[in-house]
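Predicted model only: the values in this text are computed from it and were never measured.
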Amino acid sequence: MGNTQKHEMQKWLKTIPWTHFITIEPTPSLPFKQDEIIQRMRTMEYRLNKKYLKSSFPKWDADNRFWMVGFREGDGFGHQIHYHILLHTPSVLHKKIQFENVSADIQMGWMMMPSQNPYTGKMRKVCLDRKLTFNIQKVRNNTAVVIYCSKWMNRIDEGEGFFFTTPSNNKPIKVAA
């Protein structure tokens, strides 16, 4: 992805009111694969939508539901691979929840979700320990967080620098026989 495409992507991302900035720190001894990060965040996104919105949320446009975009940073050699994720929270939450805390929901979801060791295939514990491999903060400066998260977009192989957690709603196109 060239600098022009990166800047166009950043320009678009700056127009979205991001609410949370999530960092999944590098774990060199037991790294997370990008596919696992996407699946874990997709699950948490679904749980947030289900907890705070009406059941018809899958049909809603992006402004009215939770969704995420993630960015891989690092090459695995001089710079350890880790991930930055931006969360969009809708301005209206439809269900009355006694303790509304999106940050806590995400942190607990991360800790409670099973994870597979990429080397042995055995289940591993994912916990928030002293090393703090998972960090979530509220966004204070939208422009700064977009630039920070996407800074490696043109350094990583095409298509691997960023990802969306929400599956595409694109329906297959019928081709005339």
Side-chain angles (χ1 to χ4, degrees), residues 1-26 32 34-54 57-75 79-97 99-111 113 128 132-170:
M1 175 175 277
N3 269 343
T4 304
Q5 289 174 314
K6 173 183 167 181
H7 292 295
E8 286 300 314
M9 178 73 149
Q10 288 175 331
K11 184 178 173 182
W12 173 69
L13 289 168
K14 289 175 191 176
T15 67
I16 298 165
W18 302 106
T19 57
H20 295 81
F21 166 54
I22 303 164
T23 301
I24 301 165
E25 295 293 344
F32 283 97
Q34 184 165 317
D35 288 345
E36 182 179 3
I37 296 292
I38 292 169
Q39 191 55 47
R40 291 171 71 83
M41 299 314 282
R42 180 176 287 163
T43 300
M44 283 191 266
E45 176 186 293
Y46 174 78
R47 288 177 181 168
L48 289 171
N49 280 308
K50 190 166 173 67
K51 180 175 181 177
Y52 292 106
L53 305 178
K54 295 178 183 177
F57 75 85
K59 298 175 184 173
W60 300 359
D61 65 8
D63 289 339
N64 297 318
R65 58 185 162 85
F66 291 91
W67 62 279
M68 300 180 205
V69 62
F71 302 88
R72 188 180 114 192
E73 182 177 328
D75 55 16
H79 194 95
Q80 292 296 323
I81 295 172
H82 60 286
Y83 300 88
H84 299 293
I85 297 162
L86 294 172
L87 170 69
H88 171 269
T89 300
S91 58
V92 176
L93 301 179
H94 296 272
K95 292 184 180 176
K96 301 294 181 197
I97 307 293
F99 298 105
E100 178 186 308
N101 189 337
V102 171
S103 296
D105 289 339
I106 293 172
Q107 267 189 325
M108 286 303 295
W110 179 264
M111 289 188 308
M113 201 176 304
L128 299 177
L132 202 60
T133 59
F134 185 88
N135 184 7
I136 183 166
Q137 302 173 29
K138 288 197 173 190
V139 171
R140 294 192 177 124
N141 183 325
N142 209 51
T143 299
V145 79
V146 164
I147 292 170
Y148 183 79
C149 287
S150 60
K151 66 184 178 272
W152 269 66
M153 281 179 66
N154 62 344
R155 295 188 193 180
I156 298 175
D157 292 339
E158 190 75 29
E160 293 183 9
F162 71 97
F163 53 87
F164 292 93
T165 57
T166 304
S168 174
N169 283 341
N170 294 344

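- In this structure, Leu87 and Thr89 approach most closely via the heavy-atom pair CD2-OG1, 3.8 Å.
- Note on ring orientation: taking the six-membered ring where Trp is involved, the planes of Trp110 and Phe134 are parallel (angle under 30°, cut-offs 30° and 60°).
- The nearest pair of heavy atoms linking Thr23 to Phe21 is OG1-CZ, 3.4 Å.
- Atom CZ of Arg47 is separated from atom CE of Met108 by 11.0 Å, given to the nearest 0.5 angstrom.
- Closest non-hydrogen pair, Arg72 versus Gln34, comes out as CD-OE1, 3.3 Å.
- A donor-acceptor pair under 3.5 Å links the side-chain atoms of Lys151 to the main chain of Tyr148, judged by distance alone.
- In terms of modelled atom types and a separation under 3.5 Å, the side chain of Glu45 and the main chain of Met68 share a donor-acceptor contact.
- Nearest heavy atoms, His84 versus Cys149: CB-SG, 3.6 Å.
- Atoms CG and OG1, on Leu13 and Thr143 in that order, are 11.0 Å from each other to the nearest 0.5 Å.
- In this structure, the separation between NE2 on His82 and CD on Glu73 is 3.5 Å, given to the nearest 0.5 Å.
- Side-chain contact, Ser103 with His20: a donor N or O sits under 3.5 Å from an acceptor N or O.
- Crowding of Tyr46 atom OH: a count of heavy atoms from other residues, nucleotides or ligands under 6.0 Å not exceeding 12.
- Checked against side-chain hydrogen bond (donor to acceptor under 3.5 Å, both in side chains), Gln10 has the following partners two or more places apart in sequence or in another chain: His7, Ser150.
- Side-chain contact between Ile37 and Ile24: present, with at least one pair of heavy atoms (C-beta onward) separated by less than 4.5 Å.
- Rounding to the nearest 0.5 Å places CG of Asn101 at 9.0 Å from CD of Gln107.
- Shown here for Met44 and Ile106, the closest heavy-atom pair between the two residues is SD-O, 3.2 Å.
- One distance of note links CG of Leu53 with CG of Leu93; it measures 6.5 Å at 0.5 Å rounding.
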Inset, instruction - Under the side-chain contact (heavy atoms from CB on, under 4.5 Å) rule, what do Phe57 and His94 come out as? Steps first, then yes or no, please. - result: CA-CA 10 Å; Phe57 75 85; His94 296 272; over 6 Å; no
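- Counting only heavy atoms from C-beta outward, the side chains of Val69 and Ile16 never approach each other to under 4.5 Å.
- Using a distance-only test at 3.5 Å, with no hydrogens or angles considered, a donor-acceptor pair links the side chain of Asn49 to the main chain of Phe66.
- We find the CE-OH distance between Met41 and Tyr83 to be 12.5 Å, quoted to the nearest 0.5 Å.
- Distance alone, capped at 3.5 Å, is enough to place a donor-acceptor pair between the Asn142 side chain and the Trp18 backbone.
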